[in-house]
Amino acid sequence: MEESNLLSSEGDSYRTSLKLLVDSNYITSNEWKKLQIKNAPIEITFKIDNTHFKELHMKKSLSILTIFVMLFTMQAAPMSAVPTSHDSLPTPDWSISQEENAEKVSKFARTKDYLYFMDGSGKVTIYNEKSKAKVGDVDVISSSRVIFDSFGDKNEFFSNGNMFFITAYMDEKKNRELFQLRVYSPSGKKLWSYTFTEKSTGEVGSYIMNDGTLLVYLKLSTPNYMTYRFNGDGKLLSKKAIKEFMYNKQNGYITTLSNWSFAGGYNSTLSFYDDQLKKAFSYRNTGLSFMGILKDKTMLFRTPDQGNSTTIIAKNPQGKTLWTKQLPEFAWPYIGETKAVSNSFLMIGETSFYNFDSKGFVNKAKISSDPFEFYESDEGTSLLIKEKDKLLIVDRKTLKTKASYNFKMDVQDELIYYGGNGVVYVFNWEANSVSKYTLQH
């Protein structure tokens, strides 16, 4: 495949065409036709601008299409069978409104001590979680040449609440754009910055590593990247060239791709790096679609183009098959989506949730026939399911619904945040405010 077909050179790291996914065998042609026929709205949040799909976060309107024969002896517990049901959300713990005449908030995020409101121009206003007082604001995005107006990937947070932004400006002497990293405290004070002087293709990204360091990567050419590791104080810990495509960060490992081909199926070499960018191991993948890696180095694959079923294959670092499971429907993987590393993952089908660990199938649960969104928190023990008129708290391991709350507010999915342990933050567009709820479960 030509580079132009394989990679997206768009500045936005959250959008790409499904043609790319079909071409690279991550969505097969039959699956794409199926989605077209169903007319199901799909949004897939990858970091695709340099061929590595970061943070798979998909939102999919699902409906029950047929009754299928169970392939597992364990019976599914319907999500609608809830032990505790509530007519409405409780009184919020608190609500914070933006200042009068302020622009509407378009993105919301939080750390342990702070809340972050980003408006449509990219300006971020910061509040203290406990006092609810405004502590500062930062506006580096709206005045920048390249805008990444969202949280995640290029605008992120250190554990202490400090924010970093990657933007670009035009260097008149060099007559080209240069990317710049800038770090601010929650009060809005600029702490440090770093300018990347290497000539790049315009593709840049970043990860907060498990050890708390920041990794920034810049694509120089195909398939050459320059990586930079910083500590929270701005010290450059290392600078390293990697001649492989940066793919994603998942469960404590950065995955890269190299030596791919499409002769007789999709083939590539997968390499896995730790926080210090030391290579843990590599594996030559032949004919399978790579889904992800678990904390214990179990690699997960699926066989492509299966139509109405999904076969999951788990392999160890040496390539030995540990187990194979077939699901009776097409299902999407949800692996390593939070900062917490894990040896478990979910598969989301048209009729059911499936929970797996590194040893194989654990259990499953029926999905409501209503369109839904789901959210996982870093605490990792529960899920928040948002149906049309309900919020459900679901146990992450058993997939049993623990509580159900009637919920009729129309919110954008980006503006609902699950903090774990029943704590939910909901943005009210009309009031331009965020409210915190503690849902008993």
Side-chain angles (χ1 to χ4, degrees), residues 92-169 179-196 204-216 228-237 339 377-378 414-420 423 425-428 431-436:
D93 300 346
W94 50 253
S95 294
I96 297 177
S97 298
Q98 283 283 70
E99 297 172 353
E100 191 175 352
N101 299 322
E103 281 203 43
K104 292 288 188 181
V105 172
S106 61
K107 305 292 179 183
F108 170 74
R110 71 175 290 273
T111 57
K112 180 181 178 182
D113 298 318
Y114 299 99
L115 309 169
Y116 306 83
F117 298 69
M118 182 184 285
D119 65 26
S121 72
K123 179 182 177 180
V124 180
T125 305
I126 304 97
Y127 294 84
N128 184 280
E129 161 81 28
K130 292 181 179 179
S131 69
K132 279 78 71 182
K134 177 182 173 180
V135 296
D137 52 54
V138 177
D139 187 8
V140 300
I141 298 177
S142 63
S143 60
S144 299
R145 186 176 178 87
V146 175
I147 298 175
F148 305 111
D149 57 346
S150 61
F151 292 122
D153 180 35
K154 301 174 183 70
N155 307 316
E156 259 281 13
F157 314 98
F158 291 99
S159 60
N160 62 3
N162 290 343
M163 303 163 283
F164 73 81
F165 301 85
I166 300 177
T167 57
Y169 71 96
F179 285 102
Q180 187 176 54
L181 166 68
R182 287 178 277 184
V183 178
Y184 292 81
S185 71
S187 66
K189 179 183 177 181
K190 184 178 177 180
L191 301 176
W192 56 272
S193 65
Y194 186 92
T195 299
F196 304 96
V204 63
S206 61
Y207 301 121
I208 293 287
M209 307 303 288
N210 284 47
D211 61 3
T213 58
L214 168 64
L215 176 76
V216 178
Y228 313 78
R229 288 179 57 244
F230 300 91
N231 66 15
D233 296 324
K235 181 180 179 181
L236 180 62
L237 302 175
K339 293 178 182 178
S377 73
D378 288 340
E414 292 92 346
L415 299 179
I416 188 168
Y417 181 95
Y418 185 47
V423 174
Y425 299 84
V426 178
F427 174 74
N428 186 310
N432 206 15
S433 66
V434 169
S435 298
K436 176 184 177 180

- [ ] Just say parallel, tilted or perpendicular for the rings of Tyr116 and Phe157, cut-offs at 30° and 60°.
- [x] tilted
Task: Centroid-centroid distance, Tyr194 to Phe196, less than 6.0 Å - done: yes
TODO: Start with the C-alpha gap between Val216 and Phe164, add the side-chain angles, then the distance that decides, and say whether side-chain contact (heavy atoms from CB on, under 4.5 Å) holds.
DONE: CA-CA 11 Å; Val216 178; Phe164 73 81; 5.7 Å; no
Task: Donor-acceptor under 3.5 Å (Trp94 side chain, Lys130 main chain) - done: no
TODO: For the pair Phe108 and Tyr417, name the ring-plane relationship: parallel under 30°, tilted 30 to 60°, perpendicular over 60°.
DONE: perpendicular
Task: Nearest-0.5 Å distance that lies between atom OG in Ser159 and atom CD1 in Ile208 - done: 8.0 Å
Task: pair Leu181-Phe230: side-chain heavy atoms closer than 4.5 Å - done: yes
Open item on the list: Using a 3.5 Å distance criterion without hydrogens, assess whether the side chain of Asn432 forms a donor-acceptor pair with backbone atoms of Glu103.
Closed with: yes
Task: Side chain to side chain, Thr213 and Leu237, heavy atoms closer than 4.5 Å - done: yes
Task: Nearest-0.5 Å distance that lies between atom OH in Tyr207 and atom CG in Leu215 - done: 8.0 Å
Task: Thr167 side, atom OG1; Arg182 side, atom CZ - distance, nearest 0.5 Å - done: 3.5 Å
Task: Note, Tyr425 side chain near Val423 side chain (heavy atom, < 4.5 Å) - done: yes
Task: Shortest non-hydrogen separation from Pro186 to Gly161 and the atoms involved - done: CG-O, 3.6 Å
Task: Greater than 12 external heavy atoms within 6.0 Å of Lys189's NZ - done: no
TODO: Dump the intermediate steps for side chain to side chain donor-acceptor pair (under 3.5 Å) on Gln180 and Thr195, then the final yes or no.
DONE: CA-CA 4 Å; Gln180 187 176 54; Thr195 299; 3.3 Å; yes
Open item on the list: Nearest 0.5 Å, please: how far is CG in Asp119 from CG in Asp139?
Closed with: 7.5 Å
Open item on the list: Side chains of Phe165 and Val124, heavy atoms from C-beta outward: is any pair under 4.5 Å?
Closed with: yes
Task: Sidechain-backbone polar pair: Lys107 side chain, Val105 backbone, donor-acceptor under 3.5 Å - done: no
TODO: With rounding to the nearest 0.5 Å, note down the distance linking CG in Leu191 to CG in Asp233.
DONE: 9.0 Å
Task: Lys436 vs Pro92 side-chain heavy atoms within contact, under 4.5 Å - done: no
TODO: Report yes if some heavy atom in the side chain of Val434 is under 4.5 Å from a heavy atom in the side chain of Tyr127; otherwise report no.
DONE: no
Open item on the list: If you compare all heavy atoms of Ser377 against all heavy atoms of Gly419, which two are closest, and at what distance to 0.1 Å?
Closed with: CB-C, 3.7 Å
Open item on the list: Apply side-chain contact (heavy atoms from CB on, under 4.5 Å) to residues Met163 and Ile126 and explain how you reach the verdict.
Closed with: CA-CA 10 Å; Met163 303 163 283; Ile126 304 97; 3.7 Å; yes
TODO: State, to 0.1 Å, how close Leu214 and Ser206 come at their nearest heavy-atom pair, and which atoms those are.
DONE: CD1-CB, 4.0 Å
TODO: Locate the shortest heavy-atom distance separating Tyr184 from Val140; write the atom from each residue and the value.
DONE: OH-CG1, 3.0 Å
